[in-house]
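Since this is a predicted model, take the numbers as computed values, not measurements. FYI, the numbering just counts along the sequence from 1.
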Amino acid sequence: MATKRNRNHVRLVYQFIEANKARNSVETMCQVLEVAPSGYYAWLKKPISDRAQEDARLLRLIRASFVRSHGIYGAPRVFLDLREAGETCSKHRVERLMRENGMRAQGGFRIKRVSCQRRLKSDPFWGWNAEVKLPP
């Protein structure tokens with residue numbers, strides 16, 4: 001699977017080939033730069049892939065949901081917002097797009113609850129108070 005860095009690298013190579021095709025043949029440059037000529041010609045017809053276009057559209061929706069929540073919602077809740085709006089995408093895709101675009105949920109908004117422990121009568125320290133008076 002091609003990573004984002006590799007995809008960007010290939011696009012830069014294609015742009016380089018486009019800029020220098022007057023000096024050298026496309027096939028020679030593709031061979032030297034280790035890319036397929038068919039990929040270059042496909043890139044000429046459609047420089048932005050369907051997936052990249054869909055990611056851009058989803059990113060607008062993700063950003064709108066994130067802003068509506070004042071930056072509190074993380075990827076799971078943003079994903080549920082998109083699902084309620086009728087969008088079909090995976091939570092991992094939402095997570096990736098948020099991570100790549102620096103959207104991170106703010107933490108610390110939950111109320112911390114203090115639990116009181118109940119001691120059983122079988123506990124040897126049951127009934128003891130915190131203050132213990134020692135004889136003089």
Side-chain angles (χ1 to χ4, degrees):
M1 178 192 267
T3 62
K4 184 176 180 182
R5 181 174 177 224
N6 290 343
R7 286 190 301 260
N8 287 338
H9 173 72
V10 171
R11 286 187 198 125
L12 289 174
V13 168
Y14 291 157
Q15 289 171 356
F16 175 80
I17 292 171
E18 179 67 20
N20 295 303
K21 70 180 179 181
R23 295 183 192 167
N24 299 312
S25 72
V26 172
E27 286 74 20
T28 305
M29 286 191 288
C30 287
Q31 187 176 10
V32 170
L33 297 171
E34 297 178 350
V35 293
S38 61
Y40 167 73
Y41 290 117
W43 175 80
L44 278 180
K45 290 179 184 174
K46 192 172 193 178
I48 300 173
S49 67
D50 290 337
R51 181 185 173 100
Q53 290 174 357
E54 181 66 15
D55 280 352
R57 188 184 70 77
L58 273 175
L59 183 60
R60 286 191 298 273
L61 297 173
I62 289 169
R63 193 167 277 136
S65 173
F66 188 73
V67 168
R68 270 195 316 271
S69 74
H70 303 288
I72 295 172
Y73 282 7
R77 286 191 178 172
V78 170
F79 166 72
L80 291 175
D81 275 356
L82 293 178
R83 182 64 61 94
E84 280 183 17
E87 289 298 320
T88 55
C89 65
S90 72
K91 62 183 174 181
H92 300 290
R93 189 175 192 179
V94 172
E95 184 180 328
R96 175 182 57 84
L97 289 171
M98 287 181 72
R99 184 179 56 247
E100 287 175 356
N101 292 282
M103 287 185 272
R104 230 185 124 138
Q106 295 177 6
F109 286 97
R110 291 190 178 185
I111 298 170
K112 292 184 181 180
R113 298 181 186 190
V114 178
S115 64
C116 298
Q117 293 182 352
R118 300 184 112 194
R119 293 187 179 228
L120 301 174
K121 288 188 179 184
S122 60
D123 188 355
F125 298 107
W126 182 80
W128 284 29
N129 292 332
E131 285 184 30
V132 177
K133 294 183 180 180
L134 299 174

Note to self: Strictly by salt bridge (Lys or Arg N to Asp or Glu O under 4.0 Å), give each pair with a member in residues 56-66 just once, sequence neighbours left out.
What the structure shows: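 Non-adjacent pairs meeting salt bridge (Lys or Arg N to Asp or Glu O under 4.0 Å): Glu54-Arg57, Arg57-Glu87.
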
Check: Which pairs pass salt bridge (Lys or Arg N to Asp or Glu O under 4.0 Å) with one or both residues in residues 23-39, sequence neighbours excluded?
Finding: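 Found none.
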
Residues that [X] engages under side-chain contact (heavy atoms from CB on, under 4.5 Å), provided they are two or more places apart:
{"X": "Ala36", "answer": "Ser38"}
{"X": "Ser69", "answer": "Tyr73"}
{"X": "His92", "answer": "Ser90, Glu95"}

Next item on the list: Looking only at non-hydrogen atoms, find the nearest pair between Pro37 and Cys30 and report the distance.
Entry: CA-SG, 3.7 Å

To the nearest 0.5 Å, what is the distance between [atom1] on [X] and [atom2] on [Y]?
{"X": "Leu61", "Y": "Cys89", "atom1": "CG", "atom2": "SG", "value": "8.5 Å"}
{"X": "Asp55", "Y": "Ile62", "atom1": "CG", "atom2": "CD1", "value": "8.0 Å"}
{"X": "Leu58", "Y": "Met98", "atom1": "CG", "atom2": "CE", "value": "12.5 Å"}

Please identify each residue that fulfils side-chain hydrogen bond (donor to acceptor under 3.5 Å, both in side chains) with [X], with sequence neighbours left out.
{"X": "Ser25", "value": "Thr28"}
{"X": "Lys45", "value": "none"}
{"X": "Asp81", "value": "Ser65"}

Check: Should Ile17 and Val13 count as side-chain neighbours, where that means a heavy-atom distance under 4.5 Å?
Finding: yes

Note to self: Counting only heavy atoms not in Arg104 (residues, nucleotides, ligands), do more than 12 fall under 6.0 Å from its CZ?
What the structure shows: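 For Arg104, atom CZ is not crowded (no more than 12 foreign heavy atoms under 6.0 Å).
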
Margin query: How about CD on Gln31, more than 12 heavy atoms from neighbouring residues, nucleotides or ligands closer than 6.0 Å, or not?
Written below: no

Next item on the list: Start with the C-alpha distance between Met103 and Leu59, add both sets of side-chain angles, then the distance that settles side chain to side chain contact (heavy atoms under 4.5 Å, CB included), and finish with yes or no.
Entry: CA-CA 11 Å; Met103 287 185 272; Leu59 183 60; 3.6 Å; yes

Checklist line | Listed once per pair and sorted, the ring-ring contact (aromatic ring centres under 6.0 Å, His included) pairs that draw on residues 10-64, sequence neighbours left out | finding: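 Checked against ring-ring contact (aromatic ring centres under 6.0 Å, His included) - neighbours excluded - the pairs reaching residues 10-64 are Tyr14-Trp43.
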
Note to self: Taking salt bridge (charged side-chain N to carboxylate O under 4.0 Å, His left out) as the definition, give me every residue that meets it alongside Lys91, ordered by chain and number, with sequence neighbours left out.
What the structure shows: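 If we apply the salt bridge (charged side-chain N to carboxylate O under 4.0 Å, His left out) test to Lys91, skipping adjacent residues, there are no hits.
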
Check: Are Leu44 and Met29 co-members of a hydrophobic cluster defined by side-chain heavy atoms under 4.5 Å apart?
Finding: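 Yes; Leu44 is reachable from Met29 via cluster members.
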
Note to self: If hydrophobic clusters are built from ILVMFWY residues whose side chains come within less than 4.5 Å, do Leu80 and Val67 share one?
What the structure shows: no

